[in-house]
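Side chains included, hydrogens not; waters and symmetry mates left out as well; all remaining heavy atoms used. Remember, it's 1-based here, ligands and their atoms both numbered in the order they're listed. Only a predicted model underlies this, so the values are computations on that prediction, with no experimental measurement involved.
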Amino acid sequence: MEITYYGHSCFQIQTNEKSIVFDPFIQANALASEVNLAEIACNYMLISHAHEDHIADVEPLSKLHDFTLVSNYEIVSWFAKKGIEKGHPMNHGGHWNFDFGKVKYVNAVHSSSFPDGSYGGNPGGFLLEIEGKHIYYAGDTALHQDMKLIGSSFAPDFAFLPIGDNFTMGYEDALIAADFIQCEHIIGMHYDTFPYIEIKKETAVNAFANKGKELILMEIGKTTTF
Ligand code: NI
Ligand code: MN
């Protein structure tokens with residue numbers, strides 16, 4: 001499968017047949033100014049929580065692409081009122097077999113309200129089984145003990161973890177998280193977009209390398225094959 005980075009916490013997973021996009025925050029992200037929404041194929045939109053920096057481009061993308069929105073019940077309902085009627089609501093601990101693979105919605109330690117102040121349900125992340133690969137997309141979260149359950153029951157081949165600190169865990173805790181989830185290959189997200197979450201990339205990458213793990217910091221707009 002191919003993974004493309006669109007900045008902040010937005011990635012696309014391209015399988016043989018389907019495109020899955022996570023947490024789009026593109027037009028308001030100065031670092032992603034080269035990205036063209038029309039070129040982001042999207043069959044499924046997976047949303048971790050309701051904060052602006054994870055949902056800003058859901059509506060603009062819905063005008064360009066026909067996708068099914070997958071998130072918690074509150075988020076799917078909120079977007080349904082905005083006219084995005086193809087939605088699949090989930091909640092923590094539940095899984096569903098989609099035509100691209102299996103998805104489980106898991107908890108995150110964070111908060112979740114919409115830009116208009118309405119309730120976004122509890123924030124989450126996703127465990128995905130796609131084309132034989134196990135993938136964890138953590139969303140915004142602190143390090144937490146339940147990650148050990150992900151390690152013992154799922155052991156992702158690679159994982160998207162926030163590393164920018166301040167609003168989520170920083171890279172030091174992400175390194176502990178990588179141990180908890182029993183994963184060697186971490187794709188960093190939620191860093192450098194705002195001054196509060198600027199990081200020293202080389203320091204973070206080296207910290208992982210020193211523990212025998214890989215921290216992958218993708219270039220915005222670039223695609224990697226996994
Ligand atoms: Ni957030
Ligand atoms: Mn965020």
Point to revise | Protein N, O or S within less than 2.8 Å of the Ni ion (ligand 1), waters excluded | key: His49 NE2, His51 ND1, His110 NE2, Asp140 OD2
Exercise for review: List for me each residue that meets ring pair (Phe, Tyr, Trp, His ring centres under 6.0 Å) alongside Tyr44, sequence neighbours excluded, and say none if there are none.
Suggested key: Phe98, Phe100
**Study point:** Geometric class of the His190/His54 ring pair [parallel <30°, tilted 30-60°, perpendicular >60°]
**Key:** parallel
Indicate every side-chain donor-acceptor pair of residues 163-176 with a distance under 3.5 Å to a residue at least two apart or in another chain.
none

Review point. Is there a donor-acceptor pair under 3.5 Å between the side chain of Asn91 and the backbone N or O of Asn72?
Key: no
Review point. Does His134 reach the main-chain N or O of Phe154 with its side chain, forming a donor-acceptor pair under 3.5 Å?
Key: yes
Exercise for review: Check step by step if ring-ring contact (aromatic ring centres under 6.0 Å, His included) holds for Tyr105 and Phe126.
Suggested key: CA-CA 5 Å; Tyr105 191 60; Phe126 298 98; 5.3 Å; yes
Review point. What are the protein N/O/S atoms, named by residue and atom, that sit under 2.8 Å from the Mn ion (ligand 2)?
Key: Asp53 OD2, His54 NE2, Asp140 OD2, His190 NE2
Practice item. State whether a side-chain donor-acceptor pair under 3.5 Å links Thr193 with His8. Key: yes
Point to revise | Sole residue of Tyr5, Phe160, Tyr137 in side-chain contact (heavy atoms from CB on, under 4.5 Å) with Ile187 | key: Phe160
Check your understanding: Under the 6.0 Å and 45° cation-pi test, does Lys81 pair with Trp78?
Key -> no
